[in-house]
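Structure record follows, encoded as structure tokens.
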There are 2 protein chains.
Amino acid sequence: MRQDARENRERILAAAEEVFGAHGVTGSTEEVARRAGVGIGTVFRHFPTKGGLIEAALLRHFDHLTARAHALAAEADPAVAWRVLVRAMIESGATKLALISVLTDGRGFPDSAAAAATRLKAAVSDVLRRAQDVGAVRAPVTVEEVYLLIRGLAQASATTPTSPDTLDRAIDVVLTGLSQPTV
Amino acid sequence: MRQDARENRERILAAAEEVFGAHGVTGSTEEVARRAGVGIGTVFRHFPTKGGLIEAALLRHFDHLTARAHALAAEADPAVAWRVLVRAMIESGATKLALISVLTDGRGFPDSAAAAATRLKAAVSDVLRRAQDVGAVRAPVTVEEVYLLIRGLAQASATTPTSPDTLDRAIDVVLTGLSQPTV
DNA sequence: CATTAACCGGAGTCGGGACTCCGATTCTGT
DNA sequence: ACAGAATCGGAGTCCCGACTCCGGTTAATG
């Protein structure tokens, strides 16, 4: 692959994260091209389909989060690791996961993205388990409910303008609810 | 207004709630017409614009929730009222509020819908205040964070197939987090 | 440098969905 | 039952966005 080609690919992916993050899946490919500073044809050569483009952006994002989770699993204090991970997932999701809805909205994406999602879930489970072992999260909590809560806050704060302060307080509510016995 | 016209208007609104609830704003007007059993022209005479149709559906939904909140405010036990209201908002939202994203996704809707949203918020605040007076929710909690949490769970569970059980557990987490002092 | 294979750009095609128009079809008062 | 007005239905228009095509341009190699 030629050097300029690789550079363009990168710029397109970055632009895609911006555009789809801001406008959701409705964002147009042309907008991505414009923001990446390339022609529309270039976008479609790199990613023959809009779906493919979104998939690639998702994959990149998931892999990044997975790496983060792995790093945190090695963290000294599992309770801290847990808080940081949850916060990171919500906050990065708040900007970029508007698109994750696609992933989950009915038809799943093929192979690669699904695989990345699975890897991510495994990594999150790991951090969660450690937190539970230490009592920072109560035992009966499952990854599914955590995911639902995280996705919810991520989507809601991405969809609507939210003050960072409000988001922080909401995250604290969730973390508290996960650690205390249910009322 | 002629009788049949009024009936059609109703059927169209009901169909709109279904369609936009299921497919989000992407749902087509034609699909609404088909499901309402009327021609496309009829839909557009009643609601000259797709936005208008969505707005009308939202308004109806908001007003319904507001009424529910008022009724609950008169409930004997404010703690119970609170739980029921939160649950109702999330669950009805899970089916129908996929469209609420429109309301909040950038440009607000004109007058009527915005006004309905305001009335709803006031009613919710009322129930919340009573719950706080009784100690079922801790005092420093604001309507904003509650809204964020509710919208989040509603959107997330509408967007993605979610088992009722998981949703229930997530709601409990939120309610717990709202009642306990933050960790 | 020259060559050439790979890459870029954007005008053009195609499909889908919002919205319009008007003849056909009902209601409703007398 | 009938006139007349209001309502319906859906074929047709228009625009927008995904995707294709190919002549022009550029990086790499000898």
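Each chain gets a letter, A, B and so on, in the order its sequence line appears, and its residues count up from 1.
- Contact annotation: A:Ser28 does not reach the phosphate of D:dG17 (side-chain N/O to OP1 or OP2, under 4.0 Å).
- Distances were taken from every side-chain heavy atom of B:Arg2 (C-beta onward) to each of D:dA5, C:dC7, C:dT20; the shortest belongs to D:dA5.
- Remark: C1' of C:dA18 and CD1 of B:Ile54 are 12 Å apart, rounded to the nearest angstrom.
- Here the nucleotide nearest the side chain of B:Thr49, chosen from D:dC8, C:dC7, C:dC19, is C:dC19.
- Between the CZ atom of B:Phe47 and the C1' atom of D:dC8 there is a distance of 15 Å, rounded to whole Å.
- For B:Arg45, whose side chain is taken as the heavy atoms from C-beta onward, the closest listed nucleotide among C:dC19, D:dC8, C:dC8 is D:dC8.
- Residues A:Glu145 and A:Thr142 have side chains that bring a donor and an acceptor to within less than 3.5 angstrom of each other.
- Along DNA chain C, the nucleotide closest to B:Met1 and the one closest to B:Lys50 are compared, and the more 5′ of them pairs with B:Lys50.
- Taking atom CD on A:Glu30 and atom P on C:dC8, their separation rounds to 18 Å, with Å as the unit.
- You'll find that the side chain of A:Ile40 is closest to C:dA11, out of C:dA11, C:dC8, D:dT7.
- The side chain of A:Thr29 sits closest to D:dA18 out of D:dT7, D:dA18, C:dC8.
- Side-chain atoms of B:Thr176 come within 3.5 Å of backbone N or O of B:Asp172 as a donor-acceptor pair.
- In this structure, of C:dC8, D:dC8, C:dC19, it is C:dC19 that holds the atom nearest to the side chain of B:Phe44.
- Closest to the side chain of B:Gln3, out of C:dT28, C:dG9, C:dC19, is C:dT28.
- Remark: P of C:dT26 and CD of B:Glu7 are 14 Å apart, rounded to the nearest angstrom.
- The CZ-C1' distance, from B:Arg9 to D:dC8, rounds to 17 Å in whole Å.
- When the C1' atom of C:dT28 is taken as reference, atom CZ of B:Arg6 falls 13 Å away, rounded to whole Å.
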Quiz item: Can you list the steps and then say if B:Arg60 with B:Glu55 is a salt bridge (charged side-chain N to carboxylate O under 4.0 Å, His left out)?
Solution: CA-CA 9 Å; B:Arg60 191 198 209 204; B:Glu55 187 186 346; over 6 Å; no
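- In this structure the side chain of B:Phe20 reaches within 4.5 angstrom of the side chain of B:Leu53, judged on heavy atoms.
- With rounding to whole Å, B:Glu10 atom CD is found 14 Å from D:dC8 atom P.
- Side-chain nitrogen and oxygen atoms of B:His46 include at least one within less than 4.0 Å of the OP1 or OP2 phosphate oxygen of D:dC8.
- With hydrogens and angles ignored, the 3.5 Å screen pairs no side-chain donor or acceptor of A:Lys50 with any backbone N or O of A:Phe44.
- In terms of phosphate contacts, B:Asn8 brings no side-chain nitrogen or oxygen within less than 4.0 Å of OP1 or OP2 of D:dT7.
- Computed from coordinates, the A:Arg34 CZ to C:dA11 C1' distance equals 16 Å when rounded to whole Å.
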